[in-house]
Amino acid sequence: MKIAFVGKGGSGKTTLSSLFIRHLTANEATVVAVDADINQHLGAALGLDETEAAALPAMGAHLPLIKDYLRGSNPRIPSAEAMIKTTPPGEGSRLLRVGENNPVYEACARTVRLDDGEIRLMATGPFTESDLGVSCYHSKVGAVELCLNHLVDGPDEYVVVDMTAGSDSFASGMFTRFDMTFLVAEPTRKGVSVYRQYKEYARDFGVSLNVIGNKVQGQDDLDFLREEVGDDLLVTVGHSDWVRAMEKGRPIRFELLEADNRCALQTLQDAAEDSYEHRDWERYTRQMVHFHLRNAEGWGNAKTGVDLATQVDPAFVLGEALAVPQPS
């Protein structure tokens with residue numbers, strides 16, 4: 001399953017995404033974690049020190065390799081340079097699987113050992129001062145979007161993406177690339193403002209959205225969230241001594257996380273697993289093509305000098321039936 005964690009800055013989405021990743025690993029799921037936030041903190045939340053986190057390869061720096069690998073022998077894509085972040089797969093394209101070994105993971109992912117197993121961690125790379133005036137952060141997360149467009153995942157396989165704060169992900173079609181979106185909201189007016197933006201944008205695209213109430217301290221906080229987000233409120237999370245110890249650099253074993261917070265994480269996993277039976281690969285592919293054509297007309301054709309609409313393979317539908325090993 002493809003899972004996104006979103007929310008305003010400071011809501012706790014990175015912390016909660018890291019806890020969810022640990023929980024999945026403890027339950028023996030295969031996990032690829034992706035830090036797609038403009039502030040790269042997921043590695044630290046998963047226990048990496050500053051040196052290890054800084055050494056993570058940037059997906060954006062390997063975009064030519066990613067494009068060339070995914071292009072494969074697709075006759076509709078004459079060169080990697082003609083690909084943009086929304087380019088859809090077609091006959092001959094190489095697809096990504098969560099648990100396989102391939103050149104993209106070799107270049108862009110690093111293995112992180114957690115208490116209960118290992119995950120692959122990928123990162124877009126930080127937005128630096130050198131990017132100002134010549135780039136935008138959406139160009140960096142384009143590598144993530146391209147990989148999601150070419151990903152075939154099944155049950156008990158998870159790609160968990162810690163998204164950039166606020167509603168920036170709506171600058172492209174990336175928000176439609178997930179089976180489930182968990183929006184982390186504090187019980188404040190600002191905390192639920194991002195929820196309203198997501199709800200409005202997501203309504204027309206069938207995006208599954210669940211709210212995690214974070215930093216909930218009592219009944220009044222709970223009542224506020226229920227009033228503001230209604231049935232979209234899935235679960236709430238309160239104070240955690242385990243998290244505070246981790247933030248102080250004094251980690252304790254994940255099995256000692258508070259029981260109520262473990263139950264909350266299981267509720268998230270149950271919701272993610274329930275979404276699996278509602279998958280619609282045809283709609284997923286159709287939305288992929290929709291945003292590709294929109295980007296092609298808006299800027300892609302001018303940037304690449306080619307008609308990117310010709311990259312669309314009308315007979316191709318992404319799906320698990322295609323999840324067979326391919327030569328690298």
_Verdict with reasoning, Ser240 to Glu258, per side-chain hydrogen bond (donor to acceptor under 3.5 Å, both in side chains)_ = CA-CA 7 Å; Ser240 171; Glu258 299 85 0; 2.9 Å; yes
*Using a strict 4.0 Å threshold on nitrogen-to-oxygen distance, state whether Asp68 and Arg71 make a salt bridge.*
yes
*Are more than 12 heavy atoms from other residues, nucleotides or ligands located less than 6.0 Å from atom CD of Gln219?*
yes
*asked:* Can you classify the ring geometry of His23 versus Phe254 as parallel (below 30°), tilted (30 to 60°) or perpendicular (above 60°)?
replied: perpendicular
*Should the ring pair Phe205 and Phe175 be called parallel, tilted or perpendicular, given that the plane angle runs from 0 to 90° and is split at 30 and 60?*
perpendicular
*Within a strict 4.5 Å, meaning less than it, do heavy atoms of the Tyr105 and Glu100 side chains meet?*
yes
*Are the side chains of Asp116 and Arg22 in touch, meaning some heavy atoms are under 4.5 Å apart?*
no
*Is it true that Lys8 and Glu186 have a side-chain N and a carboxylate O under 4.0 angstrom from each other?*
yes
*Got a salt bridge between Arg279 and Asp179, using NZ or NE/NH1/NH2 to carboxylate O under 4.0 Å?*
yes
*Would you call Glu228 and Arg196 a salt bridge, using N to O less than 4.0 angstrom?*
yes
*Could you walk me through whether Asp162 and Lys13 pass the salt bridge (charged side-chain N to carboxylate O under 4.0 Å, His left out) test, one step at a time?*
CA-CA 7 Å; Asp162 181 21; Lys13 67 177 182 59; 2.7 Å; yes
*What are the two closest non-hydrogen atoms of Met1 and Pro155, and how far apart are they?*
SD-CA, 4.4 Å
